[in-house]
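Heads up, the thing below is written out as structure tokens.
By convention in this document, chain letters (A, B, ...) are assigned in the order of the sequence lines, proteins followed by strands, and residues within each chain are numbered from 1.
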Protein chains: 2
Amino acid sequence: MAATLADVAARAGVSSATVSRVLNGNYPVAEATRRRVTEALRELNYVVNGPARALAAATSEVLGVLVNDVSDPFFGVLASGIQREAAEADLLTMICHTAGSADDELRYMELLLRQRARAIVVTGGGPEDGGHRRRTADLVRQSVARGTRVVFCGREAPPDSEAASVVFDNHGGAAALTRLLLAAGHRRIAYLTGPPHHTTSSARVAGARQALTEAGIDPDSCLWIRSGFSRAAGLEAGRELVRAAVDCTAVVAGNDLTASGVIASLRACGVRVPEDVSVAGFDDLPVAVDVVPELTTVRLPLRSGAVTAGRIATGTERTAPGVVVRMPAELRSRESVAAPGGGLSGAVGLPRER
Amino acid sequence: MAATLADVAARAGVSSATVSRVLNGNYPVAEATRRRVTEALRELNYVVNGPARALAAATSEVLGVLVNDVSDPFFGVLASGIQREAAEADLLTMICHTAGSADDELRYMELLLRQRARAIVVTGGGPEDGGHRRRTADLVRQSVARGTRVVFCGREAPPDSEAASVVFDNHGGAAALTRLLLAAGHRRIAYLTGPPHHTTSSARVAGARQALTEAGIDPDSCLWIRSGFSRAAGLEAGRELVRAAVDCTAVVAGNDLTASGVIASLRACGVRVPEDVSVAGFDDLPVAVDVVPELTTVRLPLRSGAVTAGRIATGTERTAPGVVVRMPAELRSRESVAAPGGGLSGAVGLPRER
DNA sequence: CGAGGCTCAGTAAGCGCTTTCTACGAACCG
DNA sequence: CGGTTCGTAGAAAGCGCTTACTGAGCCTCG
């Protein structure tokens with residue numbers, strides 16, 4: 001049933017090589033022949049056999065993108081930016097959902113490597129685990145050796161690897177955001193950190209701590225609460241903050257999604273934002289301006305970072321191996337941060353602790 | 001650099017057939033031999049060549065999932081359900097983002113077909129366009145002929161095709177939702193339909209119209225507004241409704257995302273939900289209970305639908321070709337719908353029209 | 001008018017794997 | 001002790017494609 005090149009060739013009365021040439025257009029073929037072949041191609045409903053082509057040509061037309069969470073808009077922006085570049089280079093993008101699991105990340109990298117993907121883009125932050133880094137570095141090495149380009153977008157490639165990286169200035173952004181809060185007069189700040197042992201979380205925490213220290217404030221006098229990067233995590237955290245009547249005038253969420261959750265649950269508990277408590281986000285996702293009040297946040301140039309990563313991955317942009325492209329972060333001051341108000345405990349009418 | 005089976009065989013002092021057998025474990029191999037081979041495999045850092053294997057075995061280990069929008073939680077739920085089943089069957093899931101484009105949908109189907117994917121799951125609704133249906137039907141036929149199973153999840157497979165379908169009762173759900181609103185006393189309802197010429201939108205509209213007609217109300221006395229399925233579309237629509245001071249006491253959004261947008265923009269304009277205007281959603285996504293007030297919506301069993309689709313796709317569950325599995329919809333009555341209030345125009349202090 | 005150049009197309013050698021067929025011992029049995 | 005069976009592994013034939021390499025015509029030009 002499935003027609004092969006040979007079938008088409010027979011029907012068109014030519015050799016299979018000619019059919020291949022018509023298909024790929026990389027060698028001259030006389031117009032008349034081309035027409036006959038094209039005809040036969042259509043008549044037989046020919047569909048090229050990808051594996052066979054990939055085997056013979058030692059390359060394929062797929063670009064793999066690894067994302068932590070397909071339903072997180074952060075990755076949506078990244079993935080669609082990369083996809084656009086891939087399409088430009090006639091590659092088709094396949095997105096693999098790792099669910100934030102380090103093992104799945106490796107599994108998919110290996111799968112893509114096995115499939116001889118043209119390139120692999122690993123997006124988002126990753127585990128800070130040494131074993132994982134080492135295994136990742138191994139895979140990167142093998143991939144590069146087999147001609148699969150690897151690009152990291154959102155974290156640095158393992159040291160000494162040939163893979164390029166596009167990284168966002170999480171550290172600087174977090175520091176700037178903290179300085180903004182300090183300038184507004186906040187001193188008691190609750191930080192919802194992202195998932196622990198995660199490069200992105202750590203960089204943001206480190207940036208914030210540095211800004212605090214530089215302002216002469218002991219970072220440990222602030223609250224550091226482990227949370228996730230989802231809206232649900234923010235809702236949960238918001239409820240917890242209120243329940244514990246935490247003594248703070250500002251909450252810095254791990255990202256905008258979390259911030260929107262925090263705001264929703266604070267308001268549901270009667271806490272006004274920003275009158276009672278200021279809330280800040282991170283990333284400047286579309287949701288940041290959908291929320292009421294609009295979020296003060298840190299804008300990461302995700303789209304252009306994705307495009308850069310995509311261009312490196314497709315080879316449109318040639319770079320030195322192991323290059324690290326740094327993308328700046330930029331403060332977006334909007335409505336959700338104001339001068340310190342009564343704080344959480346004040347707002348809900350509980351005795352302020354400490 | 002890239003070690004092949006033959007390299008491994010040479011190193012282990014066996015034939016490549018033996019190495020293949022060790023790799024696949026489908027033929028008996030003496031323990032001692034196996035050990036030597038395994039050793040060589042590791043020493044040479046062997047990575048199987050997917051295309052070569054796929055070519056020889058005429059099948060691959062990938063399951064493709066087509067989604068309209070990777071960053072829409074509706075598809076997130078679907079994709080992760082399918083992925084779980086795929087993982088169970090030792091297949092790896094690749095998600096392709098079609099951006100709702102009919103052309104991309106076909107392109108990706110063809111890509112997956114070319115790659116000899118084990119199965120393809122097409123999720124979500126699709127264009128009602130005849131040409132597209134026909135081309136889809138063609139591809140399905142070819143896929144099946146080549147041993148790639150095709151499953152539709154969220155819309156029916158083209159007529160007479162071998163592909164299975166898992167469909168959600170959009171029609172019945174929309175009817176039930178409308179009846180709920182009618183029972184609450186609403187008569188002037190604004191419907192934000194999803195994207196036009198889209199199977200899901202149409203089914204929901206048809207269900208609502210039927211319920212209206214059955215209640216003796218002329219469907220055309222209600223407002224039918226084209227919108228999208230995103231939160232942004234809801235925000236936009238909400239603003240429009242207020243701006244035009246539309247005379248209605250209830251808004252039925254295309255889905256929960258849109259509903260959350262509508263609520264946000266209505267409230268931003270000083271309209272109370274549900275006191276002034278009731279708002280209903282569709283799908284019962286996690287966001288439905290995150291929103292304030294919690295959304296009255298229609299629950300679609302997305303997760304179990306996805307699992308079913310996944311099981312059919314992987315072959316875990318054997319079904320007759322062309323089977324259509326229907327999943328029921330279920331009303332979820334929560335806070336966002338109440339008895340009719342002053343309506344939109346009343347709330348914003350504009351003269352009520354008509 | 002024959003040599004050299006061009007254009008176009010066929011031949012055939014793989015790409016790296018799976019799998020059938022075959023072969024070789026060793027063990028078993030009557 | 002010859003013949004059968006069983007367990008194990010090699011030889012080799014593809015899978016469907018790409019791509020040198022080769023060569024047949026035909027044109028051009030000295």
Side-chain angles (χ1 to χ4, degrees), chain A residues 1-38 40-41 44-62 111 113-116 118 142 145-148, chain B residues 1-38 40-41 44-62 111 113-116 118 142 145-148:
Chain A
M1 162 72 215
T4 70
L5 263 200
D7 299 336
V8 176
R11 175 162 200 122
V14 299
S15 76
S16 65
T18 303
V19 180
S20 170
R21 293 195 263 253
V22 169
L23 236 31
N24 295 300
N26 47 0
Y27 287 89
V29 174
E31 189 48 34
T33 316
R34 174 188 309 283
R35 251 204 306 279
R36 254 181 322 147
V37 170
T38 314
L41 242 19
L44 292 178
N45 244 315
Y46 177 77
V47 175
V48 61
N49 181 317
R53 169 179 284 179
L55 175 58
T59 179
S60 77
E61 53 181 327
V62 346
L111 170 77
L113 168 55
R114 278 211 295 273
Q115 301 295 331
R116 299 294 188 269
R118 195 80 134 267
Q142 291 182 33
R146 286 184 173 70
T148 293
Chain B
M1 164 69 215
T4 70
L5 264 200
D7 300 337
V8 176
R11 178 162 197 122
V14 299
S15 76
S16 64
T18 303
V19 179
S20 169
R21 293 196 262 255
V22 169
L23 235 32
N24 296 299
N26 47 0
Y27 287 88
V29 173
E31 189 47 35
T33 317
R34 172 188 311 283
R35 250 202 308 279
R36 257 182 320 149
V37 171
T38 313
L41 243 19
L44 293 180
N45 243 316
Y46 176 76
V47 175
V48 61
N49 181 317
R53 169 179 283 182
L55 176 59
T59 180
S60 76
E61 54 182 327
V62 346
L111 170 76
L113 169 56
R114 277 211 294 273
Q115 301 296 330
R116 299 293 188 268
R118 196 80 133 268
Q142 290 182 34
R146 285 182 172 72
T148 293

How long is the line joining [atom1] of [X] and [atom2] of [N], in whole Å?
| X | N | atom1 | atom2 | value |
| --- | --- | --- | --- | --- |
| Asn49(B) | dG14(C) | CG | C1' | 14 Å |
| Arg21(B) | dT19(C) | CZ | P | 11 Å |
| Leu23(B) | dT18(C) | CG | P | 6 Å |

Please round to the nearest 0.5 Å and tell me the distance separating atom [atom1] of [X] and atom [atom2] of [Y].
| X | Y | atom1 | atom2 | result |
| --- | --- | --- | --- | --- |
| Asn45(A) | Gln142(B) | CG | CD | 4.0 Å |
| Glu61(B) | Arg114(A) | CD | CZ | 4.0 Å |
| Leu44(B) | Leu5(B) | CG | CG | 11.0 Å |
| Thr4(B) | Asn49(B) | OG1 | CG | 9.5 Å |

Which residues in [range] have at least one heavy atom lying under 4.0 Å from any atom of DNA chain C?
| range | answer |
| --- | --- |
| residues 9-19 of chain B | Ala17(B) |
| residues 53-62 of chain A | Leu55(A), Ala56(A) |
| residues 25-37 of chain A | Pro28(A), Val29(A), Ala30(A), Thr33(A) |

Do [X] and [Y] make a side-chain contact, defined as non-hydrogen atoms from C-beta onward lying under 4.5 Å apart?
| X | Y | answer |
| --- | --- | --- |
| Thr33(B) | Thr18(B) | yes |
| Arg53(B) | Leu23(B) | yes |
| Val62(B) | Gln115(A) | yes |

Please give me the minimum heavy-atom distance between [X] and [Y], naming the atom from each residue.
| X | Y | result |
| --- | --- | --- |
| Arg116(A) | Ser60(A) | O-OG, 2.9 Å |
| Asp7(A) | Ala2(A) | OD2-O, 4.0 Å |
| Val37(A) | Val8(A) | O-CG1, 4.3 Å |
| Leu41(A) | Val19(A) | CD1-CG1, 4.0 Å |

Task: Listed partners of Ser20(B) passing side-chain hydrogen bond (donor to acceptor under 3.5 Å, both in side chains), at least two apart - done: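 For Ser20(B), the residues satisfying side-chain hydrogen bond (donor to acceptor under 3.5 Å, both in side chains) (neighbours in sequence not counted) are Asn24(B).
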TODO: Give me the first and last nucleotide of DNA chain D, going 5' to 3', that has any atom under 4.0 Å from a heavy atom of chain B.
DONE: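 Range of nucleotides touched by chain B: dT8(D) to dG16(D).
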Open item on the list: Please report the end-to-end axis angle for the helix from dC1(C)-dG30(D) to dG30(C)-dC1(D), five pairs per end, rounded to 10 degrees.
Closed with: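 It works out to 50° between the end axes.
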TODO: Indicate whether OP1 or OP2 belonging to dT18(C) is found under 4.0 Å from a side-chain N or O atom of Ser20(B).
DONE: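 Ser20(B) to dT18(C) OP1/OP2: side-chain N or O found under 4.0 Å.
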